[in-house]
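Just below is one structure, and these are the notes that go with it.
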Protein chains: 4
Amino acid sequence: MSEKTTKKHHDPVLAEARRKQVLKAAEDCFRRKGYHGAGMAEISKTAGMSAGHIYNYFASKEAIIESIIQQDMEEMFSIFQQFEDQSGELVKVMIEGCDHGVERHLNREDGILKIEMLAEAARNPKVAFLLQESDTQARTRMRGLLVGERSQVKDVTDKELDARINVMFAMFSGLLLRRTLYPELQKDTILLALRPVVKTLLTPF
Amino acid sequence: MSEKTTKKHHDPVLAEARRKQVLKAAEDCFRRKGYHGAGMAEISKTAGMSAGHIYNYFASKEAIIESIIQQDMEEMFSIFQQFEDQSGELVKVMIEGCDHGVERHLNREDGILKIEMLAEAARNPKVAFLLQESDTQARTRMRGLLVGERSQVKDVTDKELDARINVMFAMFSGLLLRRTLYPELQKDTILLALRPVVKTLLTPF
Amino acid sequence: MSEKTTKKHHDPVLAEARRKQVLKAAEDCFRRKGYHGAGMAEISKTAGMSAGHIYNYFASKEAIIESIIQQDMEEMFSIFQQFEDQSGELVKVMIEGCDHGVERHLNREDGILKIEMLAEAARNPKVAFLLQESDTQARTRMRGLLVGERSQVKDVTDKELDARINVMFAMFSGLLLRRTLYPELQKDTILLALRPVVKTLLTPF
Amino acid sequence: MSEKTTKKHHDPVLAEARRKQVLKAAEDCFRRKGYHGAGMAEISKTAGMSAGHIYNYFASKEAIIESIIQQDMEEMFSIFQQFEDQSGELVKVMIEGCDHGVERHLNREDGILKIEMLAEAARNPKVAFLLQESDTQARTRMRGLLVGERSQVKDVTDKELDARINVMFAMFSGLLLRRTLYPELQKDTILLALRPVVKTLLTPF
DNA sequence: TATGAATGAGAGTTCATTCAT
DNA sequence: CATGAATGAACTCTCATTCAT
């Protein structure tokens, strides 16, 4: 976790701002052109700084996408946090949460970015590791919710729990692909069938 | 629809055989290394012909993946055909079909190939068009099944039908990603929760 | 000795010719600009082929200088071979050989090339290894001559033998530097003092 | 002779101290990594000042190595001074001096630094000029010793004198290379053969 | 039909140097 | 005097594509 992460910067505030600048630009470019389609030249232009300068903040292009993945992970954590903080029966809370969930996952550009990460995982073991680690954490948090007091499925077997979690995750991440495959698809349409499915997954079969 | 698809070949039978050879080799390579990870040199070696010769059958590397997508579409059709040919209540038929469906979609290499196609769609409009066309056809076939005599949901509104189809497609295509994110995941685990969900999607809410 | 030495070439004769072409061009460029001063662009232009094509024959720029070193080694071997093949008292043979030896070592451009190799050895362990290996072989051959029947010092201790060899080698390789430091220096001038020294080194003290 | 050597500094004493600081740091770095291997960043860190600030004292990286060479020249002078100050027969004095001489010239890092300078001379005329000037001065001092009262060769021809000097210089500078080519070589081994050679060079043939 | 030698544009990256502060 | 953020040109190397044979 400390191989060559950062060189010391005199002004950490500026440094952090610049890192953000680069990450934002890279996200934009990767979304538009894909990881391989976007060159450092384009990223640097988008970020408003020279290509060489980016290397003062990131060791490589690879390090940039790794950073984006980690950022992604942190966003995901905050979403779970919200669920954990909310009171009330889990089924109810999550069905209400579907609205935000679908919105997030139907966003076409987020989908593209996620696909790029997954594609990169096929060749880059570190990217694969980060994505897997992120997924493991997400499953763990989800399991925490499902075995909590407020859950109706807190007594099912571990294997069934795993099944429920994986199907739910498959469904949501599958949504990321749908806008690419079917751009006209609307959020409220999806919700019509998605909510019953979520209910199925959160109550005993 | 035929801009530069084929040049005239002296022996059309041999030509078609060679095209197949290339497509198969390219599929293999893309699965193993991804679209950008696999070079023309590797593809040509796998196909057992020179790199230069491939350009007698395909205008570019892009044209190869476009062809693979079209081929993929045809495979998908044959799967729907099977469902359509089978008799019995749709719910039962499809729940039994889940087994094959999960197997197909959990395969890690198929997942990689599909992800590569989707990633390419972000920058190549023709790829996007082909994938969307393929998806549209798949949804049409699926709708045909759901409004047929054997279906329990043949009377729901068009919008709800669309919802059910999209959620089901999201779930299955989402499975393609799971092996990359969670390599230890087993088919029988998934089926535990997937079958109830499929049932939910094929019966009135 | 076989990591990535050569890819298979259809026409080994052409391939060897191209390799020679590149080596010759690289030698020229390194001599004129030094290893770091000469870019692949310049080398390729000098060789009369594209930069990219060079990589069909050499894995890297490093591999090129390594090849030059090995070539150098082989030249050196053939020189020792000449001494070994010649009959007569060793002192006499070698003092006569001084003429060629000085000529070879006073050549300014050869000196520059050798200096570049030595400079590179300071940062590149493989280069260092090759040069050391070459030197070891040279010392071994030299020792072979010095302990032969025709030698007047065949009975000195190993350590003294080593001393004699190293001083002789130091002197000759030192000549490589002199033309850079003193361009007007002439061969016949050097020989005036060099021959007595060689005689000293080949006869008992 | 002062084209861009120094800009005006407010405090010339401090300025000179800073220059020394940089030269010392650069020498260290060049010794360890070579001229091209050591970056301005590393030099500035070693010198304990910012990279930018170095440019207040030196016009370029080249200017630094030029300065180091000049400094080197001065060291060399002081060594000749020692010989000139010493009394006694020259042969005896110098043979005793061999000990120090070999020590100095067998040092691997000194060798690297000198090689870097020579390599740089191939592309930088100013460096070449400085080194040649330095060598000319050294030969002049040496000639002074050889034609002095204490010398046994004070009556030989100018040409022979030149020969003797050049062979001696070749031999010693050649020693600089030997540690790179044969790291195990020991000082006392070398001395075994070097002293007889020095004697040969300082006495009539 | 088939080859693979050859190209060349463009990739990611490094680093001496500049300059606003 | 001193900094280090920022630049940009040049570097080595890759690879889809072309073409003489």
Side-chain angles (χ1 to χ4, degrees), chain A residues 7-11 14-15 17-18 36-44 47-64, chain B residues 7 9-11 14-15 18 36-45 48-64, chain C residues 7-11 14-15 17-18 36-44 47-64, chain D residues 7 9-11 14-15 18 36-45 48-64:
Chain A
K7 44 174 73 172
K8 276 282 151 291
H9 287 283
H10 181 247
D11 179 348
L14 177 58
R18 290 277 181 271
H36 284 93
M40 291 302 289
E42 185 177 1
I43 294 173
S44 71
M49 74 182 72
S50 73
H53 196 34
I54 291 183
Y55 286 84
N56 286 325
Y57 302 106
F58 295 92
S60 64
K61 196 185 176 190
E62 222 184 295
I64 296 177
Chain B
K7 44 175 73 172
H9 289 284
H10 181 254
D11 178 347
L14 178 55
R18 288 275 185 270
H36 287 95
M40 290 300 288
E42 186 179 1
I43 293 171
S44 71
K45 205 169 70 178
M49 76 182 69
S50 74
H53 197 35
I54 291 184
Y55 286 82
N56 287 323
Y57 303 108
F58 295 91
S60 67
K61 199 185 176 190
E62 275 192 350
I64 296 177
Chain C
K7 44 175 71 171
K8 276 283 151 292
H9 288 283
H10 182 248
D11 179 347
L14 177 57
R18 290 278 181 271
H36 284 95
M40 291 302 288
E42 185 177 0
I43 294 172
S44 71
M49 74 182 72
S50 73
H53 196 35
I54 291 182
Y55 287 83
N56 287 325
Y57 302 106
F58 295 92
S60 63
K61 195 187 176 188
E62 221 184 296
I64 296 177
Chain D
K7 44 175 72 172
H9 291 284
H10 181 255
D11 178 346
L14 178 56
R18 289 274 184 270
H36 286 96
M40 290 301 288
E42 185 178 359
I43 293 171
S44 70
K45 206 169 70 178
M49 75 182 70
S50 74
H53 197 35
I54 291 183
Y55 285 83
N56 287 324
Y57 302 109
F58 295 92
S60 66
K61 199 185 176 191
E62 275 192 350
I64 295 178

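Contact check, B:His9 against E:dT1: a side-chain N or O comes under 4.0 Å of OP1 or OP2.
Taking 4.5 Å as the limit, every side-chain heavy atom of D:Phe58 sits out of range of all side-chain heavy atoms of D:Glu62. Using a 4.5 Å heavy-atom threshold, the side chains of D:Met40 and D:Ile64 count as touching.
If you take CD of B:Glu42 and P of F:dC15, they are 10 Å apart, rounded to a whole angstrom. Distance CG (C:Asn56) to C1' (F:dC13): 12 Å, rounded to an integer number of Å. Going from atom CE of A:Met49 over to atom P of F:dA6 covers 7 Å, rounded to whole Å. Between the CD1 atom of C:Ile43 and the C1' atom of E:dT7 there is a distance of 18 Å, given to the nearest Å. Atom CD1 in C:Ile54 sits about 10 Å away from atom P in E:dT7, given to the nearest Å. In this structure, the CZ atom of A:Phe58 is 16 Å from the C1' atom of F:dA5, given to the nearest Å.
When all heavy atoms are compared, the tightest approach of B:Ala63 to B:Ala59 is CB-N, 4.0 Å.
The line from NZ of D:Lys61 to CD1 of D:Ile54 is 11.0 Å long, rounded to the nearest 0.5 Å. The distance from atom NE2 of A:His9 to atom OH of A:Tyr57, rounded to the nearest 0.5 Å, is 5.5 Å. To the nearest 0.5 angstrom, A:Arg18 atom CZ is 9.5 Å from A:Asp11 atom CG. The structure places OG of B:Ser50 at 11.0 Å from OH of B:Tyr55, a figure rounded to the nearest 0.5 Å.
Residues B:Asp11 and C:Asp11 each lie close to DNA chain E; by heavy-atom proximity, the contact nearer the 5' end of the strand is made by B:Asp11.
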According to the Watson-Crick and G-U wobble definition with distances under 3.5 Å, which dot-bracket string, read 5' to 3', encodes DNA chain E, using [ ] for crossing pairs and | for pairs with another strand?
.||||||||||||||||||||
Sugar-phosphate means primed atoms, P, OP1 and OP2; the rest is base. With that split, encode nucleotides 15-21 of chain E 5' to 3' as B, S or - using protein heavy atoms under 4.0 Å.
BSBBB--
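Comparing E:dG8, E:dA2, F:dA5 by their closest approach to the side chain of B:Ser50 singles out E:dA2.
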